[in-house]
A.B. asks: 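Can you keep this structure in mind? I'll have questions shortly.
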Amino acid sequence: MIELPKAYNPQETESRIYKLWEESGFFNPDNLPDKGKGRFSMVLPPPNVTGTLHLGHAVTVTIEDILVRYQRMLGKKTLWLPGTDHAAIATESKIEKELIKKEGKNRNDLGRPAFLKRVDAFAKESQQTILNQLRKMGASLDWSRLAFTLDEKRQRAVYTAFKRMYDAGLIYHGEYLINWDKKGQTTVSDEEVEYETTKGTLYTFRYSKNFPFPIASTRPETKLGDVAVAVHPSGKWKEYIGKKFEIDNFVGTKLTIEVVGDEAVDPEFGTGAVGITPAHSKVDAEIAQRHNLPSKQVINEFGKIMHTGSGLDTLNIQEARDRVVEWLKNENLLEKEEIIEHNIAKAQRSGGIIEILPKRHQFFVNVNKPIVDRDGKTLRELMCEAVTTGKIKIIPERFEKNYFHWIDTLRDWNISRQVWYGHRIPAWCKGEEIKVEQESPGEGWEPIEDTFDTWFSSGLWTFSTLGWPDETMDLKTYHPTDVLETGYDILFFWVARMILMSSFLLGEVPFHTVYLHGLVRDENRKKMSKSLGNVIDPLVMTEKYGTDALRMALIFNTASGTDSVISEEKIKGMKHFANKFWNIARFILMNNTGVMPSSKPKARTDADRVILEQLSAVRESVSRNIEQFQLHEAAQAIYQFIWHDFADVYLEASKPQLKNENKENTEQILLHTLCTTLKLLHPFMPFVTEEIYAQLPITDKKLLLVEEWPR
RNA sequence: GGGCGCUUAGCUCAGUUGGUUAGAGCGACUCGUUUACACCGAGUAGGUCGGGGGUUCGAAUCCCUCAGCGCCCACCA
């Protein structure tokens, strides 16, 4: 007879058990016996190196650890590879903010080398925090393969990738219109721009008294950079197409406005005429290109008016706008002012307003260029094909539609960032001439100061972590990875970029299945945020209720890809479940008279027969549901069985049976059922199951971590 | 403007290709201090599955339509 404590104590158990697992070496597939059952691999979406664990991470870790533990118990060589992301802009601005707060200096005061030294030091020191927090969640990650997006090996991968793409003509360079984040002082990709609906004033006016028709704009100050007016080729202003107007004085500057006819103009909207500002609008730039129009930049990177010679130069945007409007009023050129709803572009990261402006020495990934080595297909086509051919399956399936829709509207990817912390773009320039090399090509060549978009390096993650560009054993064995699990919010940022990179650089998909989970919300369906004060700290929850309880609560009753709601009550309920299970084991061990479990106990009573049938059904259900990524169904099935079939019914039925002549047989059924449920529950609640398993009277016992999945 | 999705018990949500009395967790109510567990047990109440129409022997599930909510993408000056 073995006597367990009356209540399960996660605080006492968890760190001890985790240490046991870690020391066993079984997180590393090299130490797993080769059972000829194949392999399974997955990368952890690398958390920001300076971050701390939030519920989003907790969901990711829970789901992935369930998949990994299941596969490992199936006997596969199972690799789950950890790492951290340098998160260029996020980390840099975090450090700079602290620097300003503590020392009153910004990054420029320190200079690039000194500033980077600080960031590096902070990142290194900070990294342990998030890694230990992942351990706290019970993650069975192979720590021996830990990677960092900015470590030496990954740097080599990034440079190699860039060089190969550049040589293949997939990366071009020059002066282009970019999304400028004035606040963050960097360019950002189209994906990093968010739109916010606000009310603004639409001004309808003429450039001058003798201009034949009015135009409308919410940004009159940008009109200083106008070079043309576009009208519909068969609209009401078509007679003016081809005419040029010299405006001698528009708010103190000279404009040459050519009237062009373009299909892109909606003749019914507004005045039917659009002022064309090629330097500050992508749509206008496209029109300008079609008609061979010049471009005139009038807003600089600090959001000030420039190069107009109008007396507005050096004013900021709002001041300039007021002055332009005032001038229009004074000149009697303003015909209408109306309040309209329109979208303003903001940088996702900094929240700053995005200005479209031209910038030199920008690098872009061309998604529309045919690639010789890939049967003349473009990156866009390769990305599309990976999913249409079924080589990659996205779960839930509806996200495949999102993915295709995104690809349809995809433009070239600007990978240059004016951020210091990150992979420096290995390129040099002499005037407009450019050379891609790591070391200086010689006299007169200036280095490109920019760094890569952080997603450029994380796009390589499935293979850069496995040793690419070297042809390592790991790469051969574990790539393509089996599953990529992450939140649906980074499907485009990350998942799509990984498909792009792998398709071109390796000629294969980076993973076979993409499994997307939803966002975690609070009880009021609100997104959790610090400012709302509704944040549930996963670490506080594990402290209070145990990691197993948190894990179970996070997947219970939440379908894949659907936003889920978590409340402290739910976590508490799962703590009760852990304790219930503990007491089931306690009861069984308490009544054990030295009987060992057998794999095929005989049913002698109706109760025996029922529970064994139910056990067989739940075993099948849990396996099938995990295979199909229906973790909530699997969790529900095992929960239901343990609490309501096994405990409520069979344990009660067993009490009289333990007193009669079938005593030993009943003990065997109890032990067998316990043993099987321990295994079935282990991926979900690894700590309590391992702890109970350690108490079972079994000879030649392994860690539950590497026990064989019931079949 | 285009696309995707949601609306099921008081609350939060499951419900896998249409199939017997629609489920769970939490909450509510009644009863129960029998040594596995009060972090518990036994039981009860509570839903015309958003409205309407259709297909079918049969619809929460498929189709149409209306209403409300959410997300993604594009962006018109």
Side-chain angles (χ1 to χ4, degrees), chain A residues 3-4 6-8 190-191 193-195 197 202-204 214-220 222-223 226 229-231 264-266 268-277 281-284 287 340 342-345 396-411 488-489 491-492 518-519 521-525 527 545-546 549 552-553 556-559 561-591 621 624-625 628-630 632-633 635-637 639-640 643-644 647-648 651-652 654-655 670:
Chain A
E3 175 104 26
L4 259 44
K6 204 165 170 179
Y8 171 59
D190 294 343
E191 284 68 38
V193 180
E194 283 182 342
Y195 294 90
T197 306
L202 179 68
Y203 302 92
T204 303
I215 56 158
S217 177
T218 53
R219 302 279 314 262
T222 63
K223 301 289 105 184
D226 278 14
V229 166
V231 300
V265 180
D266 180 353
E268 303 303 317
F269 188 89
T271 66
V274 188
I276 300 299
T277 326
S281 156
K282 286 184 187 174
V283 177
D284 289 7
I287 293 175
I340 57 156
H342 68 139
N343 285 334
I344 51 170
E397 209 179 315
R398 64 171 187 273
F399 285 102
E400 291 191 358
K401 291 179 199 162
N402 272 19
Y403 178 78
F404 292 133
H405 186 251
W406 179 77
I407 289 181
D408 281 345
T409 61
L410 185 63
R411 298 191 197 201
Y488 66 73
D489 53 333
L491 176 60
F492 307 139
L519 309 177
R521 294 168 185 278
D522 75 353
E523 290 147 281
N524 304 314
R525 290 206 58 78
K527 219 169 167 172
Y545 304 108
M552 196 67 171
F556 205 79
N557 229 335
T558 60
T562 308
D563 291 352
S564 62
V565 174
I566 188 90
S567 64
E568 194 163 338
E569 284 306 305
K570 194 171 173 184
I571 303 166
K572 193 171 154 193
M574 289 304 163
K575 180 203 154 99
H576 295 171
F577 174 60
N579 190 60
K580 181 75 184 180
F581 191 48
W582 177 262
N583 275 285
I584 291 169
R586 183 165 182 263
F587 170 81
I588 293 170
L589 294 177
M590 215 175 225
N591 287 289
S621 165
R624 179 171 42 81
N625 281 306
Q628 296 175 354
F629 298 93
Q630 308 264 22
H632 60 292
E633 289 286 325
Q636 177 111 354
Y639 180 101
Q640 199 63 25
W643 201 316
H644 301 299
D648 288 350
L651 250 59
E652 292 309 318
S654 78
K655 284 175 185 172
L670 285 170

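We use all heavy atoms of the structure for the numbers below, so side chains are in, but hydrogens, waters and symmetry mates are not. Residue numbers begin at 1 in each chain, while the letters A, B, ... track the order of the sequences.
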A.B. asks: Using atom P of each nucleotide, how far apart are G2(B) and A60(B) to the nearest Å?
C.D. replies: 32 Å
A.B. asks: Which listed nucleotide (C76(B), C75(B), C73(B)) is nearest to the side chain of Thr409(A)?
C.D. replies: C73(B)
A.B. asks: Can you identify which nucleotide, out of A74(B), A14(B), C37(B), has its nearest atom closest to the Asn579(A) side chain?
C.D. replies: C37(B)
A.B. asks: For nucleotides C49(B) and C6(B), find the distance between their C1' atoms and express it as a whole number of Å.
C.D. replies: 13 Å
A.B. asks: Quick one: which of A36(B), U16(B), G41(B) gets closest to the side chain of Lys655(A)?
C.D. replies: A36(B)
A.B. asks: Taking atom C1' in both U17(B) and C62(B), what distance in whole Å separates the two?
C.D. replies: 11 Å
A.B. asks: When you compare A74(B) with G3(B), how far apart are their C1' atoms, in angstrom units rounded to a whole number?
C.D. replies: 10 Å
A.B. asks: Does G47(B) have a Watson-Crick or wobble mate here (both distances under 3.5 Å), and if so which one?
C.D. replies: none
A.B. asks: Does the structure show a Watson-Crick or G-U wobble partner for G68(B), both distances under 3.5 Å? Name it, or say none.
C.D. replies: C6(B)
A.B. asks: Would you kindly give the CD-to-P distance between Glu397(A) and G5(B), to the nearest whole Å?
C.D. replies: 11 Å
A.B. asks: Counting distance alone, no hydrogens or angles: does the base of C37(B) have a donor or acceptor under 3.5 Å from a partner atom on the side chain of Lys580(A)?
C.D. replies: yes
A.B. asks: Considering every strand and a 4.0 Å limit on heavy-atom distances, what is the contact class for Lys572(A): base, sugar-phosphate, or nothing?
C.D. replies: nothing
A.B. asks: When you get a sec, tell me which of A36(B), G15(B), A77(B) is the closest nucleotide to the side chain of Val274(A)?
C.D. replies: A77(B)
A.B. asks: Suppose we define a pair by two distances each less than 3.5 Å, Watson-Crick or G-U wobble; what does A42(B) pair with here?
C.D. replies: U30(B)
A.B. asks: For the C1' atoms, the ones on U8(B) and on G47(B), what distance do you get once it is rounded to whole angstrom?
C.D. replies: 7 Å
A.B. asks: Let's see if you can work this out: which of A77(B), C4(B), C75(B) has an atom nearest to the side-chain heavy atoms of Arg411(A)?
C.D. replies: C75(B)
A.B. asks: To the side chain of Glu569(A), which of G15(B), C26(B), A77(B) is closest?
C.D. replies: C26(B)
A.B. asks: Please classify the nucleic acid contact of Tyr639(A) as base, sugar-phosphate, or nothing, using heavy-atom distances under 4.0 Å.
C.D. replies: sugar-phosphate
A.B. asks: Once you round it to whole Å, what is the distance between C1' of C40(B) and CZ of Arg586(A)?
C.D. replies: 13 Å
A.B. asks: May I ask you to verify whether the side chain of Asn402(A) and the base of C4(B) hold a donor-acceptor pair under 3.5 Å?
C.D. replies: no
A.B. asks: Between A77(B), A42(B), A74(B), which nucleotide gets closest to the side-chain atoms of Asn343(A)?
C.D. replies: A74(B)
A.B. asks: Partner of A59(B) by Watson-Crick or G-U wobble geometry, both contacts under 3.5 Å, or none?
C.D. replies: none
A.B. asks: Using a 4.0 Å heavy-atom cut-off, does Val265(A) contact any base of the nucleic acid, only the sugar-phosphate backbone, or nothing at all?
C.D. replies: base
A.B. asks: Among Lys572(A), Lys575(A), Glu568(A), which one satisfies side chain to side chain donor-acceptor pair (under 3.5 Å) with Tyr545(A)?
C.D. replies: Glu568(A)
A.B. asks: Under 4.0 Å, heavy atoms only, any strand: does Thr218(A) hit a base, just the sugar-phosphate, or nothing?
C.D. replies: sugar-phosphate
A.B. asks: Nearest to the side chain of Phe587(A), which nucleotide is it out of C37(B), A24(B), A36(B)?
C.D. replies: A36(B)
A.B. asks: Taking atom types as they are modelled, is there a donor-acceptor pair under 3.5 Å from the base of A36(B) to the side chain of Glu652(A)?
C.D. replies: yes
A.B. asks: Does U21(B) have a Watson-Crick or wobble partner in any strand here, with both distances under 3.5 angstrom, and which is it?
C.D. replies: none
A.B. asks: Taking the minimum atom-to-atom distance to the side chain of Leu651(A), which one of A36(B), A42(B), C75(B) wins?
C.D. replies: A36(B)
A.B. asks: According to a strict under-4.0 Å criterion, is Lys575(A) in side-chain N/O contact with OP1 or OP2 of C39(B)?
C.D. replies: no
A.B. asks: Considering only the C1' atoms, how many Å lie between G27(B) and U20(B), rounded to the nearest integer?
C.D. replies: 31 Å
A.B. asks: Using a cut-off of 4.0 Å on non-hydrogen atoms, how would the nucleic acid contact of Gln636(A) be classed: base, sugar-phosphate, or nothing?
C.D. replies: sugar-phosphate
A.B. asks: Which of these nucleotides, G23(B), C39(B), G41(B), is closest to any side-chain atom of Asn557(A)?
C.D. replies: G23(B)
A.B. asks: By the 4.0 Å heavy-atom rule, please label Thr277(A) as base, sugar-phosphate, or nothing.
C.D. replies: nothing
